[in-house]
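Report on the following structure.
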Amino acid sequence: MSIVAAGEAWRVRRASGLKGFWTPPGDKSVSHRALMFGALSNGTTKVDGFLPAGDCLSTANVLGRLGVTIRFLNEARTSLEIEGLGLRGLKAPAEPAPLDCGNSGTTMRLMAGILAAHPFRSALSGDASLTRRPMKRIVEPLRLMGASISARGEGDTPPIEIEGAELKGIAIELPVASAQVKSALLLAGLQAAGTTRVKEPSSSRDHTERQLRRLGAAYRVDEGGWHAVDGGVVLSAQPWQVPGDFSTASFFLAAAAICSRSDLTITGVGVNPGRIGLLEVLTKMGARIAVTNQREVSGEPVADLVIKGGAPLKGIRVAGDMIPRIHDEVPVLAVVACCADGVTIIRDAGELRVKETDRIAAVASELTKLGAKVGVLADGLAIEGSATLKGAEVTSHGDHRMAMALAVAGLVAAGETQVTDTACVATSYPGFATDLASLAGEG
Ligand code: S3P
C-alpha cells in the first residue's frame, strides 16, 4: 500500500507506478449545473453519474430549501431526479437562516445569480474558507441588472444577502476569466428582461453555455466573443449523463506521469477544452498520454486516457490564456515540475490566491517542506526541477486539491510523507485515498 488513511491524515510511501483501469467520479462542475438547470427547467430531469460529494450536496441542500424536490434513486446517490420549478419558480426559504453553501464557491456564486431574479429575500453563507472568498465580482454586476444584493463580510466577502427583483439584461466585460462569474450572470440573464451579454478576457470552462444550448435557451456567441442569452425562454428538462471529473483525474494523470512504471487507463473522463490544460501541458513536458474513444455525452466531450510512466519530463512556462484552463490543477502541476528537468514557471495565476486557500502560498510552503525548490512570484510560482523529495509532514490547508497533490508528491518522495487535514477531500472525492492505494504499486 502506498497510501494509508490514518484518521484524518494519510501516510504515503513511494510507488513504482499506477497500473490498471480507473473511472473517475462524476464531474463536480457538471453535477452542480445538472441540479441547478434541473430546478429551473420545466419537467423532471433524470441525472446519472452525479458526484455525491460535499460541494454538490451543498447545492442539493440549498435547492431543497428553495422548494425543489430531489430524489436520489440509488444508495450511492449517483442517480437522481429533480422536479423542475421552471424559470423564477423557486420558493422563498421557510426559515430565515442563510442557505449553507459549505465549501462550495460554485454553489454560492451560481445560486446568487439564480436568486437575484427571484422576488424574495435570501442569504447565502458557507464555511470558514468560503466566507473569506471575494464576492464583489458577482455582487456588482447583479446590482447593475437590478438586484438588491450585498456581500456583508469584510472586503465584500460572504454572507451574501439578496432581495431578488425583475432583472434587466446588461452587457458586461469581466476583468478576470471566471466560469463561476460568467455562469452566475448567464443564469441571471436567462431570467431577466432583454438580452444579457458577458465577455471574458480569456475563455474559462463552458459547461453552462453548452447546457443552455442543449436545453433550448436562446444562447449564442455574438461578434467579438460576447456570450449572449435572451431572458424568459423556457428550458425543457433533458436527461443528463455526467462525465468523469478531469480535475480529479488530473491527480492520477500526474501520478502516472512521474511514477516510472505506470500504465494507467482512465475511462469516461470529461475532456471539455476549458478543463484539459493539464493534459496539454503534461504532453508538452514529455509525458506519454493517448486520448482515445472520443465521444459526446449530454453535450460534453468525453474520452479515455492512456498514460505510461517513465518518459523524461522537462520544465515548462505556463501563463496567459492557459491559466483559466488549468488553475485547479496547478498544485499537482507543481509536483510534476519538481520531477522535471529544468525550471517550470507559472505566471498570470493571481486568481490562485483566492481559491479554497491561497494556493500559491500553500504549494510553496508545503513542497518546500518536502525538499522542493519553489519560488513565490506575485502571480505564480517558479519551480526548480529534478529535486529529490524527502518525506515529511505536510498539511492541506483545508484545501481538497492541495491534499490530493501532496499525496501525489508522497508517491515520489523518499521515506514516508504524512498529509494532515485531509477531511476536506470529502468536498470533491471522498474515495481518493482508497482508489489511489488500489492503483499504486509499492516503490
Ligand atoms: C468552477 C469554475 C472554476 C473552478 C471551480 C469550479 C465552475 O473557477 O476553479 O473549481 O464550476 O464554474 P473560476 O470561476 O475561477 O473559473
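Residue numbers run from 1 in the order of the sequence given. In each ligand, atom 1 is the first atom listed, and ligand 1 is the first ligand listed.
- Below 30°, between 30° and 60°, or above 60°: for Phe432 and Phe251 the angle between ring planes is above 60°, a perpendicular geometry.
- For Arg121, the CZ atom is loosely surrounded, since the number of other residues' heavy atoms within 6.0 Å does not exceed 12.
- Heavy-atom neighbours of Glu296 CD from other residues, nucleotides or ligands within 6.0 Å: above the threshold of 12.
- Within the cation-pi definition used here (under 6.0 Å to the ring centroid, within 45° of the axis), Arg33 does not qualify as a partner of Trp240.
- Judged purely by atom type and a 3.5 angstrom limit, Lys168 uses its side chain to pair as donor or acceptor with the backbone of Leu144.
- Partners of Lys136 by side chain to side chain contact (heavy atoms under 4.5 Å, CB included), not counting sequence neighbours, listed by chain and number: Glu140, Asp156.
- Listed by chain and residue number, the protein contacts of ligand 1 are Ser29, Arg33, Thr106, Ser178, Ala179, Gln180, Arg205, His327, Asp328, Lys355 (heavy atom within 4.0 angstrom).
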